[in-house]
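Residue numbering restarts at 1 for every chain, and letters A, B, ... go by the order of the sequence lines.
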Protein chains: 2
Amino acid sequence: MSASSPAQAASDTKPRKTARYQVDQAVRRALLTGRFIPGKAVTLRGLAQELGVSPMPVREVIQRLAAENALEIRSNGRVQVPEMSPRRFDEILTARLLLEPELAERSLKSLKPADASKLEAIDQRIDESLGTGDSESYMRLNRDFHFHIYQAAGSEILLPLVNSLWLQFAPYMRTVYGRVGTVNLIDRHKEAIQAIRDGDATALREAIAKDIEDGMGILGREGLPSP
Amino acid sequence: MSASSPAQAASDTKPRKTARYQVDQAVRRALLTGRFIPGKAVTLRGLAQELGVSPMPVREVIQRLAAENALEIRSNGRVQVPEMSPRRFDEILTARLLLEPELAERSLKSLKPADASKLEAIDQRIDESLGTGDSESYMRLNRDFHFHIYQAAGSEILLPLVNSLWLQFAPYMRTVYGRVGTVNLIDRHKEAIQAIRDGDATALREAIAKDIEDGMGILGREGLPSP
DNA sequence: TTGCAAATTTTGTGATCACAAATTACCACT
DNA sequence: AGTGGTAATTTGTGATCACAAAATTTGCAA
């Protein structure tokens with residue numbers, strides 16, 4: 001569940017039952033699991049028909065996601081997932097390293113032992129998905145892991161910013177995993193869990209930062225023309 | 001001019017002549033100069049009529065700005081500028097301090113003497129507007145100053161994030177200036193200009209950070225219930 | 001005057017239509 | 001077979017309509 005939820009205010013916790021909300025959730029899920037191919041055009045009526053609604057709510061959702069830079073509206077009106085560039089990749093990495101450790105630290109005091117256990121369970125399923133090479137499951141679980149932490153901060157500003165960043169790099173990472181697989185992936189999830197159990201802010205920041213660098217720094221630039 | 005422009009891709013520099021784009025620019029301007037009152041409802045048809053268009057493009061723009069957390073869509077569908085809270089204020093300050101110095105440093109190598117002169121001219125007009133107490137001019141000019149720097153980085157990720165932050169605190173700051181005036185405002189613009197002339201990254205980061213703290217830290221919490 | 005309930009208006013949501021621009025398909029011609 | 005241009009289709013954009021939910025106003029009684 002996205003924490004910086006669309007179509008609803010931060011202080012107003014009702015999902016609503018609008019078609020727009022359904023479409024928004026569906027498209028976000030699709031982006032995060034890499035079901036849209038960067039550079040490939042996505043059409044309004046196509047999406048609408050696929051989701052069984054009129055083009056109307058789809059139009060609003062596309063504007064919404066375009067504002068978060070998760071979708072790109074070309075000058076001719078065509079919509080597509082933005083293609084990754086070395087420049088963008090570097091900036092996303094920088095922004096993640098600035099924001100996510102801060103957000104994790106702010107969550108620390110709200111995270112309880114039950115959360116650590118929950119995170120451990122997620123991490124175990126991540127290891128399994130790495131073994132089977134199911135990259136879509138891996139991406140979903142990895143996001144669950146990070147946002148289960150971040151969510152605890154109850155953040156209204158930082159969390160949406162981070163959410164926007166994930167929306168931007170996820171589709172690209174999917175193509176990377178498709179090429180090189182997920183077997184060589186390493187993460188710092190166990191260090192993070194330990195830091196949460198210890199209530200150690202510095203260690204948690206470090207674990208998150210390292211995790212980001214391991215995930216994006218090593219694998220990520222695969223196939224990108226050098227900056 | 002907003003750098004993270006709406007309705008157009010980053011790599012695709014054409015403003016287009018759509019009604020949506022006009023509406024978007026108009027609403028953004030209104031938000032940045034504080035012409036919308038936080039907490040006050042803004043209606044679809046009202047905006048549409050005021051701007052001389054059908055409700056259609058307005059709906060898309062509202063979704064767009066809601067995605068950036070510049071507008072809030074309540075659970076009943078009503079739209080308003082979010083009200084400030086100590087929590088939000090603190091988070092915005094944190095995020096600004098993390099992102100803006102970084103963005104400034106990245107702009108440094110692209111900033112030429114002509115830019116320093118341009119910034120000096122803006123800063124002089126800022127001083128004038130502070131004297132006359134014209135807070136709307138002050139807000140516009142102060143934004144021009146910061147974004148003239150940030151824009152130079154050619155950033156596709158950090159700049160939109162920062163842009164979103166400004167959209168979120170601007171309406172509130174307007175109400176603060178309305179209460180306490182702008183006379184007591186101090187800034188670090190001259191230090192920033194000097195740092196740009198010297199090509200001194202550390203000094204520029206410091207000037208930007210101090211400027212943010214002076215602007216928000218001292219005046220900003222005015223009238224907010226303590227966290 | 002005050003409190004409450006019914007009626008009226010306003011508002012967001014979704015669908016459909018009209019239109020122009022862009023894309024794609026097609027076919028004649030060299 | 002390759003190429004150029006024209007026709008057909010698809011696409012985004014904007015406006016209008018219908019509907020239900022919400023907010024506002026109105027009216028009446030205590």
Side-chain angles (χ1 to χ4, degrees), chain A residues 5-27 36-37 39-83, chain B residues 5-27 36-37 39-83:
Chain A
S5 282
Q8 70 166 328
S11 59
D12 209 326
T13 51
K14 265 195 255 169
R16 303 212 62 193
K17 56 186 191 316
T18 67
R20 181 177 64 219
Y21 182 77
Q22 295 176 6
V23 172
D24 189 293
Q25 292 297 321
V27 177
F36 290 143
I37 297 148
K40 208 76 175 181
V42 42
T43 67
L44 259 169
R45 289 173 172 88
L47 255 183
Q49 186 169 356
E50 190 175 330
L51 298 172
V53 295
S54 92
M56 207 48 254
V58 177
R59 287 169 66 170
E60 294 182 315
V61 169
I62 288 193
Q63 292 302 319
R64 192 172 258 278
L65 290 164
E68 300 185 47
N69 290 305
L71 290 178
E72 179 181 340
I73 302 182
R74 311 288 302 260
S75 64
N76 56 9
R78 283 322 244 297
V79 179
Q80 64 177 55
V81 175
E83 296 194 71
Chain B
S5 282
Q8 68 165 327
S11 58
D12 211 325
T13 51
K14 266 193 255 171
R16 303 212 62 191
K17 58 184 188 320
T18 68
R20 181 176 64 220
Y21 183 76
Q22 295 176 5
V23 172
D24 188 292
Q25 292 296 324
V27 177
F36 290 144
I37 297 147
K40 208 76 175 179
V42 43
T43 67
L44 260 169
R45 289 172 171 89
L47 256 183
Q49 186 170 357
E50 189 175 330
L51 298 172
V53 296
S54 91
M56 205 50 254
V58 177
R59 289 169 66 170
E60 294 183 316
V61 168
I62 288 195
Q63 292 301 318
R64 194 171 257 277
L65 290 164
E68 299 185 47
N69 291 305
L71 290 178
E72 178 181 339
I73 301 183
R74 311 288 300 263
S75 64
N76 57 9
R78 281 323 244 295
V79 178
Q80 64 178 54
V81 175
E83 295 192 73

Rounded to the nearest Å, what distance is computed from the [atom1] atom of residue [X] to the [atom2] atom of nucleotide [N]?
{"X": "A:R78", "N": "C:dT24", "atom1": "CZ", "atom2": "P", "result": "6 Å"}
{"X": "B:Q49", "N": "D:dT16", "atom1": "CD", "atom2": "C1'", "result": "15 Å"}
{"X": "A:R45", "N": "C:dC19", "atom1": "CZ", "atom2": "P", "result": "14 Å"}
{"X": "A:K40", "N": "D:dT11", "atom1": "NZ", "atom2": "P", "result": "13 Å"}
{"X": "A:Q22", "N": "C:dT13", "atom1": "CD", "atom2": "C1'", "result": "13 Å"}
{"X": "A:E50", "N": "D:dT11", "atom1": "CD", "atom2": "P", "result": "13 Å"}
{"X": "A:M56", "N": "D:dG12", "atom1": "CE", "atom2": "C1'", "result": "12 Å"}
{"X": "B:I73", "N": "D:dA21", "atom1": "CD1", "atom2": "P", "result": "19 Å"}

task = Please tell me which of B:P57 and A:G46 maps to the more 5' nucleotide of DNA chain D, matching each residue to the nucleotide holding its nearest heavy atom.
result =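 Taking each residue's closest nucleotide, the earlier one in sequence belongs to A:G46.
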message = If you assign B:P55 and A:V79 each to the DNA chain D nucleotide with the nearest heavy atom, which residue ends up on the more 5' nucleotide?
response =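 Nearest-nucleotide comparison on DNA chain D picks A:V79.
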task = Using a heavy-atom cut-off of under 4.0 Å over every strand shown, decide if A:V58 touches base, sugar-phosphate, or nothing.
result =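 The answer is nothing, as A:V58 stays clear of every strand by at least 4.0 Å.
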task = Give one of base, sugar-phosphate or nothing for B:V23, where a contact means two heavy atoms less than 4.0 Å apart.
result =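 Since no nucleic acid heavy atom lies under 4.0 Å of B:V23, the category is nothing.
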Report yes if the side chains of [X] and [Y] come closer than 4.5 Å at any heavy-atom pair, otherwise no.
{"X": "B:V79", "Y": "B:T43", "value": "no"}
{"X": "A:L51", "Y": "A:L47", "value": "yes"}
{"X": "B:D24", "Y": "B:R64", "value": "yes"}
{"X": "B:Q80", "Y": "B:L71", "value": "no"}
{"X": "A:V81", "Y": "A:V42", "value": "no"}

ask   = Between A:R20 and C:dT13, does any side-chain N or O lie under 4.0 Å from OP1 or OP2?
value =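 The answer is yes; a side-chain N or O of A:R20 sits under 4.0 Å from OP1 or OP2.
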task = Test for a donor-acceptor pair under 3.5 Å between the base of C:dG14 and the side chain of B:R59, counting only N and O atoms.
result =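 Indeed, a donor on one side and an acceptor on the other fall under 3.5 Å apart.
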ask   = Out of C:dA22, C:dG14, D:dG12, which has the shortest distance to the side chain of A:N76?
value =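 Side chain of A:N76 sits closest to C:dA22.
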